[in-house]
Structures are given as C-alpha cells and as structure tokens.
Amino acid sequence: MKMMRCAAVVVGLTVVVSALSGCVNAQYAPAPAGASGGEGSIPAGGPELVAMTHPPIPDLPVPTGFRLDESRSRNFRGGSARYVDHLYKGSSDKFAVGRFYMRQMPIQRWTLTADRFVQGDVIMDFQKESENCQIMVVDGGPFRGSEIRVMLWTSGRMDPVAKPRPDGR
C-alpha cells in the first residue's frame, strides 16, 4: 500500500512537470515570417525589461535583474581595439530579453545587421563604427530563466596606443 502511494506521487509529479515544461514557452513560439507585431525573429508581447543604470560595459545595455557570471566572462582593451565576452544570467524570458536588445542597442548607436531564431536560441548581430557585437539569448534550463552571451570585437585595422614623441610633439 505504501509502495503504491509513493508510485502515485511520483507519477503525479512527473505529469505536472511534463505539463508545465511543455507549456512554458508555448505563448512565445517564434512568429511566422511576415507576421505582424513581432520584430524579426522575436515575437511581440510579454513583459518589457528595463536597462541597468550602470552596466559593466557602458555602451552594452544589460536588463535589470541579470548578473555577470565573472567565472565565465572576460574583456580587454588594447589601443583602439576592444574585446568583450560576457555571460549574464537572469530569470527573464528569452524573447523578452531579445525585445530588450532590439530597443536598447540603437539607443547606444548600435545598428542591427541580423537577427535569427536558431534551435531555440535568439541571436542578434549589431555593428557600430569598426565594432561588431553578437548577442545570443538561450534558455538557462528548467526554472532558471535565460542566459545572455555578449561578444564584442573590433574589426579592421587597429591603431596602436599613441606614444608621446621624444621632442614633446
């Protein structure tokens, strides 16, 4: 009797978890091409996220509530070049994060060059002057929100850091 009750609880929990995991993203399925209301591969609707007031990189917005995973992030600057590879973790839906970047990156003078939905990931490419930035938003797993991978790199010729001349000019 005790064994049957335990089995019933396990089956019940399995059914509930299966039902929830199957429905979590149903309302956020990608919009078909040409559908109104969405922006490119990102469907419309859902919560609007707000930008951090002081993100780690000033011209790369980050939604409030996301934290930098320092153990999996790096950035450096050399001369006129810079490289950023940051991972942020938070509890917002990946499509809400995608809409956030579609709105916020142009405010920082970034131009969207491509956006796509590939095997469950939202990927956006931006350009500004001689820099490229790719933002990839992926599911963080069951009950863990999403992860944002921000990669920025300088393309083209990089000028060295200016050194003062011996004659002071």
Side-chain angles (χ1 to χ4, degrees), residues 10-52 55-57 59-76 81-156:
V10 169
V11 168
L13 285 173
T14 303
V15 168
V16 169
V17 169
S18 297
L20 287 176
S21 66
C23 296
V24 168
N25 289 326
Q27 62 181 329
Y28 297 112
S36 63
E39 298 181 55
S41 63
I42 302 171
E48 295 299 325
L49 303 178
V50 176
M52 269 183 200
I57 306 294
D59 65 337
L60 293 176
V62 178
T64 300
F66 277 77
R67 63 175 179 70
L68 178 66
D69 183 342
E70 293 181 9
S71 68
R72 295 176 58 196
S73 300
R74 59 194 167 158
N75 60 274
F76 61 87
R82 64 179 176 157
Y83 176 80
V84 176
D85 182 8
H86 281 186
L87 178 70
Y88 297 91
K89 295 181 179 183
S91 60
S92 297
D93 171 75
K94 67 183 170 189
F95 293 112
V97 173
R99 287 190 302 275
F100 168 85
Y101 281 104
M102 291 289 208
R103 283 189 332 273
Q104 293 294 320
M105 290 296 274
I107 294 170
Q108 300 297 327
R109 299 185 357 248
W110 289 97
T111 302
L112 179 70
T113 58
D115 72 300
R116 52 208 177 279
F117 182 78
V118 180
Q119 298 177 339
D121 299 340
V122 175
I123 304 169
M124 295 158 284
D125 295 322
F126 295 91
Q127 284 185 331
K128 176 168 61 169
E129 298 164 6
S130 64
E131 293 183 320
N132 297 296
C133 181
Q134 183 176 79
I135 297 174
M136 183 182 305
V137 187
V138 301
D139 282 326
F143 310 110
R144 291 193 323 216
S146 55
E147 295 180 351
I148 305 167
R149 169 69 65 189
V150 178
M151 293 178 288
L152 178 148
W153 64 97
T154 303
S155 60

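Note that these values count all heavy atoms, side chains included, but never hydrogens, waters or copies made by symmetry.
The CD1 atom of Ile123 lies 10.0 Å from the CG atom of Asp115; values are rounded to the nearest 0.5 Å. Going from atom CE of Met151 over to atom CD of Gln134 covers 4.0 Å, rounded to the nearest 0.5 Å. Once rounded to the nearest 0.5 Å, the distance linking CZ of Phe126 with OG1 of Thr111 reads 9.0 Å. How far CZ of Arg74 is from CG of Leu87: 12.0 Å, rounded to the nearest 0.5 Å. Distance check, rounded to the nearest 0.5 Å: OH of Tyr83 to CZ of Phe76 gives 7.0 Å.
Taking a 6.0 Å sphere around CD of Glu70, one finds it holds 12 or fewer heavy atoms contributed by other residues, nucleotides or ligands.
In terms of modelled atom types and a separation under 3.5 Å, the side chain of Tyr101 and the main chain of Pro61 share a donor-acceptor contact.
With contacts defined as side-chain heavy-atom distances shorter than 4.5 Å, the pair Met124/Met102 qualifies. Ile57 is listed as a side-chain neighbour of Asn75, based on a closest heavy-atom distance under 4.5 Å. The closest side-chain heavy-atom distance from Val84 to Leu60 is below 4.5 Å. With contacts defined as side-chain heavy-atom distances shorter than 4.5 Å, the pair Val150/Cys133 qualifies. By the 4.5 Å heavy-atom criterion applied to side chains, Arg149 and Asp85 are counted as neighbours. Considering only heavy atoms from C-beta on, Arg99 stays 4.5 Å or farther from Gln104 through its side chain. Looking at heavy atoms from C-beta onward, Met105 lies out of side-chain contact with Leu112 at the 4.5 angstrom threshold.
Among all heavy-atom pairs drawn from Ser146 and Asp93, the shortest one is OG-C, 4.3 Å. Taking each heavy atom of Ala81 and Thr154 in turn, the nearest pair found is CA-OG1, 3.4 Å. Here the closest heavy-atom approach between residue Phe95 and residue Val122 is recorded as CE2-CG2, 3.8 Å. Considering every non-hydrogen atom in both Ile135 and Ile148, the closest pair reads CG2-CG2, 3.9 Å. Here the closest heavy-atom approach between residue Met52 and residue Thr64 is recorded as N-OG1, 3.6 Å.
Taking the six-membered ring for Trp and the full ring otherwise, the centers of Phe100 and Phe66 sit at least 6.0 Å from each other.
Applying the side chain to side chain donor-acceptor pair (under 3.5 Å) rule to Glu131 yields the partners Arg82; only residues at least two apart in sequence or on another chain are considered. Tyr88 meets the side chain to side chain donor-acceptor pair (under 3.5 Å) test with His86; sequence neighbours excluded.
Between Arg116 and Asp121 no salt bridge is recorded (no basic side-chain N to carboxylate O distance below 4.0 Å). Residues Asp139 and Lys94 are paired through a salt bridge, judged by an N-O separation under 4.0 Å between the basic side chain and the carboxylate. Asp59 has a carboxylate O that lies under 4.0 Å from a charged side-chain N of Lys128, or vice versa, which qualifies the two as a salt bridge.
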Could you please spell out the steps behind the side chain to side chain contact (heavy atoms under 4.5 Å, CB included) verdict for Leu49 and Val97?
CA-CA 7 Å; Leu49 303 178; Val97 173; 3.8 Å; yes
